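Worksheet for the structure shown next.
Worth saying up front: this structure is predicted, and the values here are computed from it rather than measured. In what follows, every chain begins at residue 1, and chains take the letters A, B, ... in the order their sequences are listed.
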Amino acid sequence: MQLAKAYEPSRIEPAWAERWVEQDLFRADSSSSKPVFSLVIPPPNVTGALHMGHMFESSQVDITMRWQRMRGRNVLWLPGTDHAGIATQMLVERHLAKQGIDRREIGREKFLQHVWAWKEEYGGRIVGQLKRVGASCDWTRERFTMDPGLSRAVRECFVRLYEQGLIYRGEYMVNWDPGTLTAISDLEVEYEEQQGHLWYLRYPVCGSADSEHVVVATTRPETMLGDTAVAVHPADPRFAHLHGEFVTLPLVGRRLPVICDEFVDPQFGTGIVKVTPAHDPNDFAAGQRHGLECVTVLDEEARINDRGGKYRGLDRYEARRRVVEDLTALGLVEKVEDYTNNVGRSQRSGLAVEPRVSTQWFVKTETLADAAIRAVESGRTRIVPGQWERNYFEWMRNIRDWCISRQLWWGHRIPAWYLEDGSFVVARSRQDAEAEAARRGQRITRRETDVLDTWFSSGLWPFSTMGWPDDTEDLRTFYPTSLLNTGFDILFFWVARMMMLGIAMTGEPPFAKVCIHGLVRDADKQKMSKTKGNVIDPILMTDRYGTDAVRFALVASAGQGSDVVLKEERIAGYRTFANKIWNAVRFVGMSLEKAGAEVWTPPDLAAFRPLPDERTGRVPLEDQWIFSRLSKVAAEASEHIEQFRYHEVAGVLYHFFWHEFCDWYIELKKLSFAEGSGLSNAWRNMLAATERSLRLLHPIMPFITEDLWQRLTENTAGRPSSIALSSYPVSISEDGDPKAERLVEILRSLVATARNLRAELKLPASEMLSATVHSEIPEVLQVARQCSGAVAGLARIRLAVGTGAPSGQASRHTADFDLAIELPEAHRAAMRKSLEKQLAKLVKVARSARTKLRNEQFVTKAPPRVVDSVRTSLADYESQVERIRAALSGL
RNA sequence: GGGCACGUAGCUCAGUUGGUUAGAGCGCCUGCUUCACACGCAGGAGGUCCCCAGUUCGAGUCUGGGCGUGCCCACCA
């Protein structure tokens, strides 16, 4: 086995990524009888490139998927992309604008051709990147939200909801984006505090002799052009005299009634509100209650329209300036105050959203939300971490109807056709619509031009991707899915909608579990975004440090559900871990070649047990120990994966491989081989332990483990074609081999104690020294006798079992033994210092233990095991103190 | 206004059911080119677990209050 000295991920990763895809390694089987584990990807936008958020998510999912596959599940990870209505349309518009093409000039059909062409050319990028980072998706089942099958599902769902009376069309106030010229949903509006002003305007009272006026406060003076009333609180005594009066709207001259309505807050401003039903949601509602006229003064691009008289054609902000100017000139501005208000901006265009009355399509959400709430309440779907359930409930219980129509071209066109008499039919196809029209004695005049909100089709994703509404094999096998792993940022946008639509269409909630993860942030905890320029490109990092290092850094940096603060140095840190793995396996391979051992062909990798030494007939201690550890670590890692504690998985495996497998197992093996044991079973054990470690690590570091595993098992007959298809190590027995673990623990403790003493006393590192160990514990004596070679090799001391108390030597006491090192004269002073330091520490802990034991209630109420352990510890501290004092006086 | 988190080593964070002397990675200090790895090895320093009160024999962990930070929802004309 020839390996480079340092691991270079970029040399092996792309080839493996390609091979995995070519071999269809991750293809799910809908006819298999194995238990199923299924998951649909949160489809990234076709416009997108892979960012750290995707990589974080796919790393977590990939760990679960690879693990489930290795433990024998029939795994489906269904990939795909979302057409992302507004985002894509904007992008392609910009793209075309560069070539001097305006979508309005070329028209809808031509424009859509361009979008499709664009999608064909660039839409595969993110999928390609997912393949590159090893996401073990079933690429044969890749879907796109505008595939014919999925589009059919969208129409079917729309028609069914309509037939159930859950979709309606009507004139309401919606959030209008003056940039993209479409309505958007409440969720697509982002609020932001902004420094503004509050203008106090005078409206003269009609028919008043002494130029009486009312003063209204407003942040948007330009909308006064559309005022159709002023309002006061009915119980506000200050304005009782105004009830039934009228005022004159300045600049326009309209007579406005004074209305009484409880929505007025007497505390705010002057307690009198101007009412503009066409341009404010509260005013719109008030307008409906009082039958006010709705005077729209802004057009769809938020410019003053024909109703705005001389301000016609002005942008809303320019109009504001001019209106204030003119009112000031008339002496109608009483005062202006600074005021901070919350401005809603369109998530897409970034422009301030304009409340606008228009005809839109809505989903009635109340009953859908009820069912979605019950699914989580009953535990049929569980959200982890659990605190997100409260957010989910909170939102679902206060849900408002969902505006689903968008005045865009790119998307699923609403399946509604208008008739001559102005009515409409909703149907699955034009044929159906025509038939219905004929039944009504009408003809179709046109089809609805609006498309659906992107989240409508993604709301069907878990089953539309599996062939719904047909009763397909995939649907029966893989739906409802086992898990959804997604970010909290789309809990409402997406998860909530899938829950509602999934239950409504299939009768079942689409997931058994929903695992919510955090966001990836930069080193300053800022959200990564292109505009801030603080994005760390995952592909760049992957090229630089390797996919395994990037995904390890991502999952290791975040506790369950919490955000990741990502630093490049951390990724670099895990590259060194990969390098460590590489070199450990390189060492195993090199040793094997040097020893000229026979080709290793164990019959069954999965069931391999450590083999006995051919001479002694006993399994070497280090092999007993490492297989016990492997077994326990497998159980721990599995438990953590099952509970979505990915950072724990990372921690457990990192520690095991580096600080147990490399630091102790390999070091012990080196020594035993140095002693001349070249027998094949010793090799087989080490190879098997290495191979098993690689399988343990595979879900979290797929590339390096695949590459090394392939080399290591090259000659193993009947092995699977990929480590991904091998089995995940299972625990041999509940507590492994406690005896072996105890012995190695003592060995490690002996070595560590010796090293520690040596370093503290500044004894030369390589010089062989003599030492005695005193203990009454049989295991310690056993280790001292049987592993003296190992101790000598690892700590450079010749160990003897001593009798009586050590004196005149450097000694240290632990819970299990005393270790005394033969000390050259010159080091006495250093030792005195060391002992005094130990003494101070011990006196402190002994005091606290004594206090505890003097406390009667502790002794009677605490569990016996706790009391006992404190008692034992105290006895131990006391004897230590005694010994140290003795040693000090002996110096 | 309503809701949800968070505050532990210099930094980023673990800490599952309250229980022996609170952990990791990075950084820092000391010593090692020991023939897998200097992307390494060995050792070490570093903590008022934000503050106050309470429950308890016992609190980083539970309760209440305070201070500080972040997020979500609703929305103020």
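- Nucleotide B:rU55 forms no Watson-Crick or G-U wobble pair with any nucleotide shown, as no partner meets the under 3.5 Å limit on both distances.
- Nucleic acid contact for A:Glu667: base, since at least one base atom lies under 4.0 Å from a heavy atom of the residue.
- Taking 4.5 Å as the limit, every side-chain heavy atom of A:Glu337 sits out of range of all side-chain heavy atoms of A:Trp199.
- A donor-acceptor pair shorter than 3.5 Å cannot be found between the side chains of A:Lys669 and A:Ser591.
- Using Watson-Crick or G-U wobble geometry with both donor-acceptor distances under 3.5 Å, B:rG1 finds its partner in B:rC73.
- As rounded to the nearest Å, B:rA59 and B:rG15 have C1' atoms that lie 14 Å from one another.
- Residues A:Tyr545 and A:Tyr574 place their aromatic rings such that the two centres sit no closer than 6.0 Å.
- Side-chain contact, A:Asp338 with A:His197: a donor N or O sits under 3.5 Å from an acceptor N or O.
- Base pairing of B:rG40 is made with B:rC32, judged by Watson-Crick or G-U wobble geometry with both donor-acceptor distances under 3.5 Å.
- The side chain of A:Asn579 approaches B:rC39 more closely than any other nucleotide in the set B:rC39, B:rC4, B:rA36.
- Side-chain atoms of A:Lys580 and base atoms of B:rC37 include a donor and an acceptor less than 3.5 Å apart.
- At a cut-off of 3.5 angstrom, the base of B:rA36 holds at least one donor-acceptor pair with the side chain of A:Lys670.
- Looking at heavy-atom distances under 4.0 Å, A:Arg575 makes contact with a base.
- Across the strands present, B:rC13 finds its partner in B:rG23; the criterion is a Watson-Crick or G-U wobble pair with both atom distances under 3.5 angstrom.
- For A:Asp663, taking side-chain heavy atoms from C-beta onward, the closest of the listed nucleotides B:rA42, B:rG40, B:rG15 is B:rA42.
- Comparing A:Lys861 and A:Val564 against RNA chain B, the residue whose closest nucleotide sits nearer the 5' end is A:Val564.
- As judged by a 4.0 angstrom heavy-atom cut-off over every strand, A:Ser557 is placed among residues making no nucleic acid contact.
- Here the separation of B:rG54 from B:rC75, taken at their C1' atoms, is 38 Å to the nearest Å.
- Here B:rG68 sits opposite B:rC6 as a Watson-Crick or G-U wobble pair (both hydrogen-bonding atom distances under 3.5 Å).
- In this entry the distance linking CG of A:Leu757 with P of B:rG44 reads 10 Å, nearest Å.
- Sequence order on RNA chain B of the closest nucleotides to A:Asn756 and A:Arg390 puts A:Arg390 first from the 5' end.
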Under a 4.0 Å heavy-atom criterion, the protein footprint on nucleotides 70-77 of chain B, written with B, S and -, is --S-BBBB

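- Distance A:Phe552 CZ to B:rC26 P: 12 Å, rounded to the nearest Å.
- Proximity note for A:Val565 (side chain, C-beta onward) versus B:rC13, B:rA36, B:rG43: the nearest is B:rC13.
- Relative orientation of the A:Phe661 and A:Phe656 rings is tilted, given thresholds of 30° and 60° on the angle between their planes.
- A gap of 23 Å separates the P atoms of B:rC26 and B:rU33, to the nearest Å.
- When distances are taken from the side chain of A:Tyr654 to each of B:rA36, B:rC37, B:rC26, the shortest belongs to B:rC26.
- Between the side chain of A:Tyr392 and the main chain of A:Ile383, no donor-acceptor pair closer than 3.5 Å is present.
- Nucleic acid contact for A:Arg758: none, since no nucleic acid atom lies under 4.0 Å from a heavy atom of the residue.
- Centroid-to-centroid, the aromatic rings of A:Tyr654 and A:Trp658 come within less than 6.0 Å.
- In this structure, the nucleotide among B:rA14, B:rU16, B:rA42 sitting nearest to the side chain of A:His640 is B:rU16.
- The backbone N or O of A:Glu192 lies less than 3.5 Å from no partner atom in the side chain of A:Arg345, so there is not a single donor-acceptor pair.
- When heavy atoms are screened at a 4.0 angstrom cut-off, A:His659 is found touching the sugar-phosphate backbone but no base atom.
- Within the 4.0 angstrom heavy-atom criterion, only backbone atoms of the sugar-phosphate kind lie near A:Trp658; the bases stay farther away.
- Taking atom P on both B:rU30 and B:rA45, the two are 15 Å apart, rounded to the nearest angstrom.
- For A:Arg390 and A:Phe393, the positive end is not near the middle of the six-membered ring at less than 6.0 Å and at most 45° from its axis.
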